[in-house]
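This report refers to the structure that appears directly beneath it.
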Amino acid sequence: MTGNIPILKIGRTLLVSIQVELSDAVAESLQNDVLSAIERSDAKGLVVDISGFDTVDTYVARILADMAKMARLMGADTVISGMRPEVAATLVRMGYTMDEVRFALNLDEALALLGHVLAK
Amino acid sequence: MISVVAQYKLDVRCEDDVVVVRRKARQLAQLRRLDPFATAAITTAVSELSRNVLVHGRGGIALLEEVSDGTRYGIRATFEDQGPGIDNLERALAGGYSTTRTMGLGLSGSRRLVDRFDIQTTVGKGTMIRVEKWQSA
Ligand SMILES: Nc1ncnc2c1ncn2[C@@H]1O[C@H](COP(=O)(O)OP(=O)(O)O)[C@@H](O)[C@H]1O
Ligand SMILES: [Mg+2]
């Protein structure tokens, strides 16, 4: 159980906002919980908000990329939102690329990318 | 002349230790007023290198130090293990190579993130890696 990482549903999109530091155990159970939630809800989109992260190492980056790949196999597109500038700079400097994922500046843009029409 | 202001020696024996070492590094970087980019850089490098101690080096220690050169503060992190050592250092530092089929970007990436990177490794004896990140001028 991921316990403190809630998975919310907005239309056919699932929203996961990670505000805690991801340990290996939490990361793996989060992956499983998200996939089960996609199956249960028949979601077509997945938004993972990481605005709470001030560091992302290659381990966490891989967890996120793998989660997106698995979601894709289940028919859901993933958008990662809220990556902080210092995190983006660090990943690029390390030579890490996440080609399988789309990114958005914030939650609004992530939902828009997935085709949600937002109220003005 | 670089002086050591404070020193913290931490075990790296399990996954939770990696989290503790990373947190401590972040806390020290913030305390010594490294900017968010430098803080993310040293925290990420510490995370990668302590995970390497655990995964490749069969556990070891991390020494975190607050250092000063008289005008600026920096964070120094030293990792030591008595693991198998790295036989082809050039290849391991080039990036994209891993003996555990993971990313292979930890060592090369960390090196690019820090201001100073020193490594000593002996096959069959172990590995010592030291990195430093300083406040930007
Ligand atoms: N402390 C260590 N002891 C022994 N080998 C190491 C150590 N750190 C790194 N290595 C070797 O260098 C390779 C590259 O390390 P790294 O860039 O962190 O990638 P990864 O951890 O994904 O394999 C590792 O696969 C391993 O073979
Ligand atoms: Mg590594």
Side-chain angles (χ1 to χ4, degrees), chain A residues 1-5 18-33 48-70 78 80-101 103 105-106, chain B residues 12 14-30 34-56 75 77 92-98 100-115 117 131 133 136:
Chain A
M1 265 304 291
T2 54
N4 39 10
I5 306 178
I18 311 173
Q19 298 295 334
V20 296
E21 191 151 346
L22 278 188
S23 68
D24 297 21
V26 172
E28 266 163 46
S29 56
L30 176 67
Q31 254 179 7
N32 296 339
D33 288 0
V48 182
D49 188 78
I50 58 164
S51 54
F53 283 1
D54 57 10
T55 41
V56 171
D57 62 9
T58 59
Y59 176 82
V60 169
R62 188 182 154 125
I63 294 276
L64 295 173
D66 282 353
M67 187 148 69
K69 276 188 211 161
M70 295 170 191
T78 299
I80 291 179
S81 69
M83 184 181 286
R84 292 198 204 169
E86 62 268 31
V87 171
T90 302
L91 284 175
V92 169
R93 188 156 295 175
M94 294 186 89
Y96 195 98
T97 50
M98 286 207 254
D99 298 328
E100 54 282 278
V101 194
F103 294 91
L105 201 53
N106 53 41
Chain B
V12 183
C14 62
E15 152 67 19
D16 282 348
D17 290 345
V18 174
V19 176
V20 170
V21 174
R22 176 171 64 221
R23 266 192 204 142
K24 188 73 189 172
R26 179 189 293 125
Q27 184 205 332
L28 296 179
Q30 287 168 344
L34 273 67
D35 66 44
F37 288 87
T39 298
I42 186 67
T43 308
T44 305
V46 163
S47 185
E48 296 292 344
L49 297 172
S50 48
R51 186 178 294 279
N52 279 357
V53 166
L54 182 69
V55 175
H56 306 297
I75 303 300
L93 283 174
Y97 168 79
S98 170
T100 48
R101 305 172 91 239
T102 45
M103 301 299 309
L105 292 176
L107 216 49
S108 56
S110 299
R111 192 189 195 180
R112 280 192 224 118
L113 289 174
V114 295
D115 299 320
F117 183 99
V131 297
K133 190 74 186 177
S136 35

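Below, chain A is the first sequence line, B the second, and so on; all start at residue 1.
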Give, for atom CD1 of B:Ile42 and atom OG1 of A:Thr90, the distance between the pair rounded to the nearest 0.5 Å.
11.0 Å
So do the side chains of B:Arg22 and A:Asp57 get within less than 4.5 Å of each other, counting heavy atoms only?
yes
Engaged part of A:Leu91 at the chain B interface, taking heavy atoms whose separation is under 4.5 Å
neither
Ordered numerically, the heavy-atom neighbours of chain A under 4.5 Å found in residues 46-55 of chain B are B:Ser47, B:Glu48, B:Arg51
For the atom pair CZ (B:Phe37) and CZ (A:Arg93), what is the distance rounded to the nearest 0.5 Å?
9.0 Å
Hey, could you give me the CE/OG distance between A:Met94 and B:Ser108, rounded to the nearest 0.5 Å?
7.0 Å
For a quick check under 3.5 Å, do A:Thr55 and B:Arg26 share a side-chain donor-acceptor pair by atom type?
yes
To the nearest 0.5 angstrom, please state how far the CE atom of B:Met103 sits from the CZ atom of A:Arg62.
7.0 Å
So for A:Val56, is it side chain, backbone, both, or neither that comes closer than 4.5 Å to the heavy atoms of chain B?
backbone
Would you name the heavy atoms of B:Gln30 and A:Asp54 that are closest together and state the gap between them?
NE2-OD2, 4.1 Å
